[in-house]
Amino acid sequence: MKLLVTGGAGYVGSVCAARLHESGHEVVVVDDLSTGHADAVPDGCRFVQADIAESAAALLAEGFDGVLHFAAKSLVGESMQDPSKYWWGNVVTTLALLEAMRTHRTPRLVFSSTAAVYGEPDTVPIPESAATRPTNTYGATKLAIDQAITSYATAYGMAATSLRYFNVAGAYGAFGERHTVETHLIPIVLQVALGLREQVQMFGDDWPTEDGTCVRDYIHVTDLADAHLLALEQAQPNQHGIYNLGNGTGFSVKQVVDACREVTGHPIPALVAPRREGDPASLVAASTRAQQELGWQPVRSQLSRIVIDAWEFARARQ
Ligand code: UFG
């Protein structure tokens, strides 16, 4: 297939672009490099540096079999301080992309949605049928886009899939997490092991969890990429499939820090800090729908594997 990958110079986008290219697809990456890196675009993929809203129509006029839409603003804290950046950058940009797809009859869409659409869950693990009550602007914009996609798919015949990521982590060779402002737990902990930070702060140890620190469902970025390939193959016209992607097992902040100590051999000093605003205690996916309907199975999402791959990537970049 000829595929347009928005945000293919970013973390998840570059890993998926690499896997799509390796699977024999023709990949065109469009990215404005606001947070991505030109050298993260995999070899063999054509790269267009452009604003997606401005360039989507001209690009899709070439004729594409599908779009994988990764490009987004994705910092929860920033989304609360500067919501305009999220409503325009995520929702308005995606509406422009959907319009361009409609005009040029692009048949397939895979969209990067998020567990943040659920907010504070009533039950864990979280199924796709859970109530969607986002507690931050980032999650609200992704939910709005999911809803727009449902109506576009139904009315205009697209075969669409939203993949709701839980905590994506790990790396794929030279492709990994390189945020200018790093807020994610595993890269931060590994920065301590690399000597780039003195210590890690654990945000709260009085949560209603087994060891008092927050529990998250960490999923290896290559398992996530596999789900995108399956979604592309299996999506049906006029339908919008929505799938949670997690490994179904939660790990606490303390367990993550311990796993990083074990893999790196570094003592990694960790201090307890106040709770971070907006953090739910525990987020774990029920991914049975993706397993049953897409035939997806996470195979690299053991915590040690995730940390080993992230550590190899982080060390190689020093
Ligand atoms: N944490 C720390 N110290 C840090 C950084 C994080 O204790 O220095 C804790 C957080 O409080 C949280 C856990 O580690 O309990 C994971 O935090 P991350 O920032 O790595 O990830 P989040 O769970 O906050 O967010 C991720 C994605 C979001 C998505 C959300 C949905 O980054 O885009 O999952 O579950 F919305």
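What you are looking at is a predicted structure, and each value in this text was computed from that prediction instead of being measured. We count ligands from 1, going down the list as the structure has it; atoms in each ligand are counted the same way.
In this structure, the side chains of Lys2 and Glu62 come closer than 4.5 Å at one or more pairs of heavy atoms. The closest side-chain heavy-atom distance from Leu283 to Tyr118 is not below 4.5 Å. Inter-residue side-chain proximity for Thr132 and Asp146 is flagged as unmet; no heavy-atom pair is nearer than 4.5 Å.
When the heavy-atom distances from atom 4 (C) of ligand 1 to Trp207, Phe251, Phe203 are ranked, the shortest goes to Phe203. Across Gln191, Arg216, Arg276, heavy-atom proximity to atom 18 (P) of ligand 1 is greatest for Arg276. Nearest-heavy-atom check against atom 32 (O) of ligand 1 across Glu177, Glu277, His184, Met202 picks out His184. Of the candidates Ala273, Ser282, Cys214, Gly119, Cys214 brings a heavy atom nearest to atom 15 (O) of ligand 1.
From the protein, the heavy atom lying nearest to atom 11 (O) of ligand 1 is Asp279 OD2, 2.5 Å. Nearest to atom 30 (C) of ligand 1 among the protein's heavy atoms is Thr114 OG1, 4.4 Å. Scanning the protein heavy atoms around atom 35 (O) of ligand 1, the nearest turns out to be Leu283 CD1, 3.2 Å. Protein heavy atom nearest atom 25 (O) of ligand 1, with residue, atom name and distance: Asn167 ND2, 3.9 Å. The single protein non-hydrogen atom nearest to atom 33 (O) of ligand 1 is Tyr138 CE2, 3.4 Å, given as residue, atom name and distance. Nearest protein neighbour of atom 9 (C) of ligand 1, counting heavy atoms only, is Val253 CG2, 3.7 Å. Regarding atom 3 (N) of ligand 1, its nearest protein heavy-atom neighbour is Gln201 O, 2.7 Å.
Under 4.0 Å is where a charged nitrogen must lie from a carboxylate oxygen, and between Glu78 and Lys85 at least one such pair does.
The ligand atoms of ligand 1 that sit less than 4.0 angstrom from a heavy atom of Ala116 are 31 (C), 36 (F). Below 4.0 Å from some heavy atom of Ala115 lie the following atoms of ligand 1, by number and element: 31 (C), 35 (O).
Polar contact check, Thr183 against ligand 1: a nitrogen or oxygen pair lies under 3.5 Å apart. Residue contacts with ligand 1: Phe166 is placed with no nitrogen or oxygen under 3.5 Å of a nitrogen or oxygen of the ligand (distance criterion only).
Defined by atom type and a distance below 3.5 Å, a donor-acceptor pair is present between the side-chain atoms of Lys73 and Ser34. No side-chain donor from either of His104 and Thr106 sits under 3.5 Å from a side-chain acceptor of the other. In the model, Tyr152 has a side-chain atom that pairs as donor or acceptor with a side-chain atom of Glu99 under 3.5 Å. For the residue pair Tyr165 / Ser112, a side-chain donor-acceptor distance below 3.5 Å is found, with atom types taken as modelled. Side-chain contact, Asn90 with Thr141: a donor N or O sits under 3.5 Å from an acceptor N or O.
In Leu185, the parts holding a heavy atom less than 4.0 Å from any atom of ligand 1 are both the side chain and the backbone. Counting heavy atoms under 4.0 Å from ligand 1, residue Tyr218 touches it through the side chain alone.
Heavy-atom separations between Tyr165 and ligand 1 are all 4.0 Å or longer.
At distances below 3.5 Å, not a single donor-acceptor pair connects side-chain atoms of Arg197 with backbone N or O atoms of Gln191.
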- Message: Quick one, Thr35 with His179, criterion side-chain hydrogen bond (donor to acceptor under 3.5 Å, both in side chains). Give me CA distance, side-chain angles, the key distance, then yes/no.
- Response: CA-CA 7 Å; Thr35 53; His179 299 116; over 6 Å; no
